[in-house]
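What follows is a set of notes on a single structure, which appears directly below.
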Amino acid sequence: GQQLNQSPQSMFIQEGEDVSMNCTSSSIFNTWLWYKQDPGEGPVLLIALYKAGELTSNGRLTAQFGITRKDSFLNISASIPSDVGIYFCAGQLWGAQKLVFGQGTRLTINP
Amino acid sequence: EAGVTQSPTHLIKTRGQQATLRCSPISGHTSVYWYQQALGLGLQFLLWYDEGEERNRGNFPPRFSGRQFPNYSSELNVNALELEDSALYLCASSPDRITSYEQYFGPGTRLTVT
């Protein structure tokens, strides 16, 4: 099936550092989404991107929909302890309706 | 506005038994999606229901089935449970099948098969 390659798989950073993660695919997507999942809970939608080249911010989070429609990145600026969790990218394939999820990036922050 | 709710929170079954998981979507949402998340792994798409019909299913055996009720709530049934079915089962809803990209998740049901 279709796959999203999300990297890195894990990150260990100091509080206050900026974070960057990305997702790539060989397929074209018409929507990209970024979710955060805390332990024992369901994923929470952070940012949704609908157009190639779109750059969207949500507080300290910024995400972009790649021009080729095959990739997206998420940046977190000035990380804080509550940013800890697993971040998933998800995409809706062109012409399809279900979402495809990346494998997740586990973010750990050292105070 | 209440979010997606799932029950039970935890479910422990033995191999060979059947499990039933329930989901109530956000009020006004007609589409319900089920995902399996094995420990430490990403989300694997299981089933999608909209307006009472199964619209799509993932690469899972037929012993994974479900249904959607007239009030848009949904059940996921897993028959002949196997040890590898142990996972967090997540339900999500979207306003309708057109906005299927806008999915909101519930807290999940943790199924443990012993």
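Source: prediction; values computed, not measured.
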* Quick one: are B:Phe60 and B:Gln36 in side-chain contact, heavy atoms under 4.5 Å? -> yes
* Close side-chain approach of A:Val100 and A:Leu93, heavy atoms under 4.5 Å -> yes
* To do: Hey, could you give me each pair passing side chain to side chain donor-acceptor pair (under 3.5 Å) that has a residue in residues 105-114 of chain B? Not counting sequence neighbours.
  => none
* Pair A:Tyr35 and B:Phe105, ring centroids less than 6.0 Å apart -> yes
Is a side-chain donor or acceptor of [X] paired with a backbone partner of [Y] at a separation under 3.5 angstrom?
X        : Y       : value
B:Ser24  : B:Thr5  : no
A:Arg106 : A:Gly85 : no
A:Ser25  : A:Ser27 : yes

* chain B interface, residue from A:Ile86, A:Leu33, A:Asp38 that has the most non-hydrogen pairs under 4.5 Å -> A:Leu33
* Asked: So does A:Asp83 pair up with A:Arg60, basic N to acidic O under 4.0 Å?
  -> yes
Among side-chain atoms of [X] and [Y], is any donor-acceptor pair under 3.5 angstrom?
X        : Y        : result
A:Asn75  : A:Thr62  : no
B:Tyr49  : B:Ser31  : no
B:Tyr104 : B:Glu102 : yes
A:Thr105 : A:Gln6   : yes

* **Residues of residues 83-91 of chain B within contact distance of chain A, non-hydrogen under 4.5 Å** => B:Leu88, B:Leu90
* Residues of residues 61-82 of chain B near chain A, each having a heavy atom less than 4.5 Å away -> none
* Asked: For B:Gln44, is it the side chain, the backbone, both or neither that has a heavy atom under 4.5 Å from a heavy atom of chain A?
  -> neither
* So, for A:Leu4 and A:Gly91, which heavy atoms are closest and what is the spacing to 0.1 Å? -> CD1-N, 3.7 Å
* **Interface residues of residues 43-53 of chain A facing chain B - heavy atom cut-off under 4.5 Å** => A:Pro43, A:Leu45, A:Tyr50
* To do: Find out if a path of hydrophobic residues (ILVMFWY) with successive side-chain heavy-atom gaps under 4.5 Å connects A:Leu107 to A:Leu61.
  => yes
